[in-house]
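Notes follow the structure.
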Amino acid sequence: MVKHLVEQVLARTLDRCVAEGLLPPGPFEIGLEAPKQAAHGDFSSNIAMTLSRRALGALEGKPRDLAKAIADRVVDPDGIVAKVEIAGPGFLNVRLSADVWPRALGEVLAQGAAFGTSNVGAGRRVMVEFVSANPTGPMHVGHGRGAVVGDVCASLLTAAGYQVVREYYVNDAGRQVAALAHSVYQRLREHCGVGAAELGPDDYPGAYVADVARAMATEWGDARARSIAAQPFSENAGLLQTTAVNLVLDTMIKPTLSHFGIRFDHWFFESKLHREHEVERAIAELDRRGFIAVEVLPPPKGMEPSVEESATPGVPLKIFKSTHFGDDADRPLANAAGVYTYFAGDVAYHWDKLQRGFDRLVNVWGADHGGYVKRVQFAVEALSGKKGQPEVVLTQMVNLLKDGVPLRMGKRSGNFVELQEVIDEVGADAARIWFIQRRHDAAVDFDLAKAKEQSNDNPVFYVQYGHARLASILRKAAEQGVAAPRFDLETARALTLPEETDLLKRILAYPELVAGAATALEPHRVVFFLTETIGAFHSYYTKYKHTERVIGPDAKKTAARLLLCLALKQVLANALALCGVSAPEAMARAEMEQA
RNA sequence: GGACCUUUAGCUCAGUUGGAUAGAGCGUCGGACUACGAAUCCGAAGGCCGCAGGUUCGAAUCCUGCAAGGUCCGCCA
């Protein structure tokens, strides 16, 4: 917010330079950053360096001279800027007048829980599709990472002024759910006592399948369940499949998501695409635009022979001409039997998304779908002309460890670690922070022991402790009869220590951080903001605990510092809320000596 | 054979979209509570930013090539 004021000053100054014939007409991009070193001012701009090439007359190609010319012409009607210095190859180092910070503190406090929101999204509509785990069993840890990354991206986008829809794509068509239905049917026979379960190689061995069968029997009642179990599978395949999928969603996936603090606005079922012939319509649209052909595809190059065996060489298939957009190969939409591929469903799904009028599509996928991004983007481009949509956030692998020892996870062996177990073990707050504390494009180690530890290895406790500490100070002040802090400029001017100004600057950088994290779809930035900000406070607190305490003899300083604590607590709470993590007013002390 | 991701301190990782002397936590060593929460803080040591070129006032950041590690590569979902 302060940065924006400086930008305005520079923009007006550049306009004046144009008017005076020093620069050609704009627009200009105004680079402005908060320098690492205090000696470089409150803000630093590189405009003289980037514009010197375009400068007119004697200033052309001379960044330092241009910087001097700009500094001499500062247009600052509101008196924000105290001093502009020229440094290095042509940096403009701007020092602000002392009142800027206390004034801004008032605005932070006035905005309260809304502080940090902005309107860079300008109300544009964006869909974030995430999790979308197959409804064939409980969620595992990999889904957990995608869940939190997607959820926090959606929250970031909301805070940045987008209109956001959170959507879960349910793959309730195809072979895997058919296999689930068959497995549940077998367990149902066992449960109803009409026969032993006969599980084939394609069936799901996991113990949860029996749970689903039991729930199914409860839902249907014994008589009906037994009658269906006694009939051949094919008699009730559709019913079994629909019921099994819904039970998995209702008893496994939705409860876990709920424990994780995640809610979806919309559940989109793949079966709907087929039922309402959306797949045909999407393919027809591609055809109309000239991107459909029937071809014999060459066998994949350099692959294992076993893959080639299972293909059907020589049979022409209906394909999407994705090579037209630069893909390595054209992509089949139906197999030799004419059954639509998963890709055909996804084309239809994204066609559906487009028709719902979103400006941005964001998909959070696991890294194992990485090879899939291009073809979907090409399909969207073919259907709409939009390049680079959907924007795909690929979350890399999660390696689950316990005390540094990897926990082996077999994909279909049924012994993978469920997300629910992890949440039960370490708590939703710790798990959420753990999943977003690293860039999404790097693999992450999730150590169950460390995530539970109350240490600096584990940012959630560090930050929550800081929030509780601020709350405690404010409580203490009230207990000691200090008047509840109310903002006025005169009081806020008492914040004169360099660490206090530094803390104010950190607070004021928050809205820009949120906006940046939203456009880049990078939740981890919020976690780093949290640990750095509260770390700066801890440091300030300890440094002055014997000299300039928050609650001290000087009433005015005390009031000012309480205002600072209030603003800090607010910004921490806001950032934690963005991450979906609680901001406790107090924390129970750990019993360190025991154990 | 190909696609995507990663490579920064002993370890785990940031690095504000190309800026000034590359940062943090852990670990190691040494320190700080009779007063607002020591779940904290301070200091020291620790670097060929994988390698080699290129782009420019300026590169950990951008482009090319190479190397190492990870993930993926049905006409499955």
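Order of the sequence lines fixes the chain letters, A, B, ..., with proteins taken first and strands second; residue numbering starts at 1 for each chain.
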| query | What is the nucleic acid contact for K374(A), judged by heavy atoms within less than 4.0 Å: base, sugar-phosphate only, or nothing? | reply | sugar-phosphate

| message | From C-beta outward on A367(A), which listed nucleotide comes closest to its side chain: C75(B), U71(B), U12(B)? | response | U71(B)

| message | Aromatic contact between F529(A) and Y510(A), with the criterion being ring centroids under 6.0 Å apart: yes or no? | response | yes

| request: Pull up the glycosidic torsion of C42(B) and say syn or anti, syn being anything within 90° of 0. | output: anti

| Interatomic distance where CD belongs to E391(A) and P belongs to C4(B) [whole Å] | 18 Å

| When you check the phosphate oxygens OP1 and OP2 of U40(B), does a side-chain N or O of Y540(A) lie under 4.0 Å from one of them? | no

| message | Students often get this wrong, so: under 4.0 angstrom with heavy atoms, is Y372(A) touching a base, only sugar-phosphate, or nothing? | response | base

| Among T533(A), I534(A), N458(A), which residue meets the side chain to side chain contact (heavy atoms under 4.5 Å, CB included) test with V463(A)? | I534(A)

| message | Classify D172(A) by what it touches in the nucleic acid, base, sugar-phosphate, or nothing, heavy-atom distance under 4.0 Å. | response | nothing

| query | Hey, does N134(A) reach any base, or is it just sugar-phosphate, or nothing, if we go heavy atoms under 4.0 Å? | reply | sugar-phosphate

| request: Select base, sugar-phosphate, or nothing to describe what P89(A) touches, counting heavy atoms under 4.0 Å on all strands. | output: base

| query | With a 4.0 Å cut-off on heavy atoms, is A477(A) in touch with a base, just the backbone sugar-phosphate, or nothing at all? | reply | nothing

| query | Using a cut-off of 4.0 Å on non-hydrogen atoms, how would the nucleic acid contact of H524(A) be classed: base, sugar-phosphate, or nothing? | reply | sugar-phosphate

| task | If the glycosidic angle is within 90 degrees of 0 it's syn, otherwise anti, so just tell me which one G43(B) is. | result | anti

| What does H538(A) touch in the nucleic acid at a heavy-atom separation under 4.0 angstrom: a base, only the sugar-phosphate, or nothing? | sugar-phosphate

| field | Identified pairing partner of C41(B), criterion: Watson-Crick or G-U wobble below 3.5 Å | value | G31(B)

| request: For R439(A), answer base if it contacts any base atom (sugar-phosphate contacts may also be present), sugar-phosphate if it contacts only those atoms, and nothing otherwise; contact means non-hydrogen atoms under 4.0 Å. | output: sugar-phosphate

| query | Reckon S472(A) touches a base, only the sugar-phosphate, or nothing at all at heavy-atom distances under 4.0 Å? | reply | base

| request: Have a look at R549(A) and say if it touches a base, only the backbone sugar-phosphate, or nothing, with a 4.0 Å heavy-atom cut-off. | output: base

| said: I want to verify the glycosidic state of U17(B); is it syn or anti under the 90° rule? | reply: syn

| With a non-hydrogen cut-off below 4.0 angstrom, is A173(A) in contact with a base, only sugar-phosphate, or nothing? | sugar-phosphate

| Do R549(A) and Y544(A) meet the cation-pi criteria used here (NZ or CZ under 6.0 Å from the six-membered ring centre, within 45° of the axis)? | no

